[in-house]
Amino acid sequence: MARRLDVDSSLPPLVLPGRILNELCAHALETLPEECCGLILGRPQARFGELVRCRNEMTRLHLADPRSHPRDGSTAFWMNESDYAHAQALAEAAGHEVTAVYHSHVDVGAYLSELDLAYAEDALFPFPGADQIVIAVQERHVVGAGLFQREGVGKPFVGRTIVLAAP
């Protein structure tokens, strides 16, 4: 049975800085018809400081080996490893950390899919403390955004809607 995690509308929304939310939305629209992906760098007291775009390698992987990678970039993402290594180095040099992984969903909602959850919960996931952000794009418009956070080590993700910070 497929599982997915939707935002919990009973929880208060999470406020993101306007600059970060605008960059997330722009990246999601620019990469259509494929999903975008990237990382957000920050510190525990300022989690959403800098957005670093990464290339989605899923279509390349799918074309090279469709059996191992049955999805292409329109329905999944595979972050370019040198891009995320570069982002990690930037974070470390600035005394920051990778605080969030983001990607978009094309023509579906802002939720963590079964594949997204498997990736984020894998023991080899390179950013185990990172939040997950999903931007939903439909008909060339951003229609929603969700942030999925753990409420402690080993705890499941909880999803909340994202809103723009007041100026």
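A quick note: this is a predicted structure, and the numbers were derived from the prediction, not measured. All values below were derived from every heavy atom in this structure, side-chain atoms included, with hydrogens, water molecules and symmetry-related copies excluded.
Distance CG/Asp72 to CD/Glu34: 6.5 Å, rounded to 0.5 Å. Annotation: the span from Met58 atom CE to Leu115 atom CG amounts to 6.5 Å, rounded to 0.5 Å. Once rounded to the nearest 0.5 Å, the distance linking CG of Leu16 with CD1 of Ile40 reads 6.5 Å. The distance from the CG atom of Asp8 to the CZ atom of Phe148 is 10.5 Å, given to the nearest 0.5 Å. The distance from atom CG of Asp6 to atom OG of Ser113, rounded to the nearest 0.5 Å, is 11.0 Å. The CZ atom of Arg53 lies 12.0 Å from the CG atom of Asp83; values are rounded to the nearest 0.5 Å.
Applying ring-ring contact (aromatic ring centres under 6.0 Å, His included) to Phe77 and the options Tyr84, Tyr119, Tyr102 leaves one that passes, Tyr119.
Listed for the Arg47 side chain is no donor-acceptor partner under 3.5 Å among the backbone atoms of Ala130. Although no hydrogens or angles enter the test, the distance criterion places a donor-acceptor pair under 3.5 Å between the side chain of Ser104 and the main chain of Cys36. Side-chain atoms of Arg160 never come within 3.5 Å of backbone atoms of Leu147 as a donor-acceptor pair (strictly under, hydrogens ignored). The closest donor-acceptor contact from the side chain of Asp107 to the backbone of Gln138 lies at 3.5 Å or more, if one exists at all. Proximity of a side-chain donor or acceptor of His96 to a complementary backbone N or O of Arg43 within less than 3.5 Å is not detected.
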I'd like to know whether Leu24 forms a side chain to side chain contact (heavy atoms under 4.5 Å, CB included) with Phe48, so could you lay out the CA-CA distance, the side-chain angles of the two residues, the decisive distance to 0.1 Å, and finally the verdict. CA-CA 11 Å; Leu24 285 167; Phe48 309 106; over 6 Å; no
Under the criterion side chain to side chain contact (heavy atoms under 4.5 Å, CB included), I'd like the reasoning laid out for Val101 against His103: C-alpha separation, chi angles, the key distance, then a yes or no. CA-CA 7 Å; Val101 174; His103 73 283; 5.6 Å; no
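Closest of all the heavy-atom pairs between Ala87 and Leu39 is CB-CD1, 3.6 Å. Closest heavy-atom contact between Leu5 and Val158: CD2-N, 4.2 Å. Shown here for Glu121 and Arg3, the closest heavy-atom pair between the two residues is OE1-NH2, 2.6 Å. Annotation for Cys54 and His27: closest pair O-CE1, 4.0 Å, computed over non-hydrogen atoms. In plain terms, the two heavy atoms of Leu112 and Gln132 that are nearest each other are CD2-CB, 3.9 Å. Heavy atoms only, all atoms of each residue included: Ala136 and Gly109 are closest at CB-C, 3.6 Å.
Leu29 is not connected to Val134 by any chain of hydrophobic side-chain contacts under 4.5 Å among Ile, Leu, Val, Met, Phe, Trp and Tyr, and they are in different clusters. Placement of Ile135 and Val108 in two distinct hydrophobic clusters is found when ILVMFWY residues are connected by side-chain heavy-atom separations under 4.5 Å, directly or transitively. Two different hydrophobic clusters hold Tyr111 and Leu117 under the rule that ILVMFWY side chains link at heavy-atom gaps under 4.5 Å. One hydrophobic cluster, built from ILVMFWY side chains closer than 4.5 Å, cannot hold both Ile133 and Val7; they sit in different ones.
Enclosure of atom CD in Gln45 by more than 12 non-hydrogen atoms of other residues, nucleotides or ligands within 6.0 angstrom is indicated.
Using a 4.0 Å cut-off between charged nitrogen and carboxylate oxygen, Arg71 and Glu35 do not count as a salt-bridge pair.
In this structure, the side chains of Thr99 and Leu41 stay at 4.5 Å or more apart for every pair of heavy atoms.
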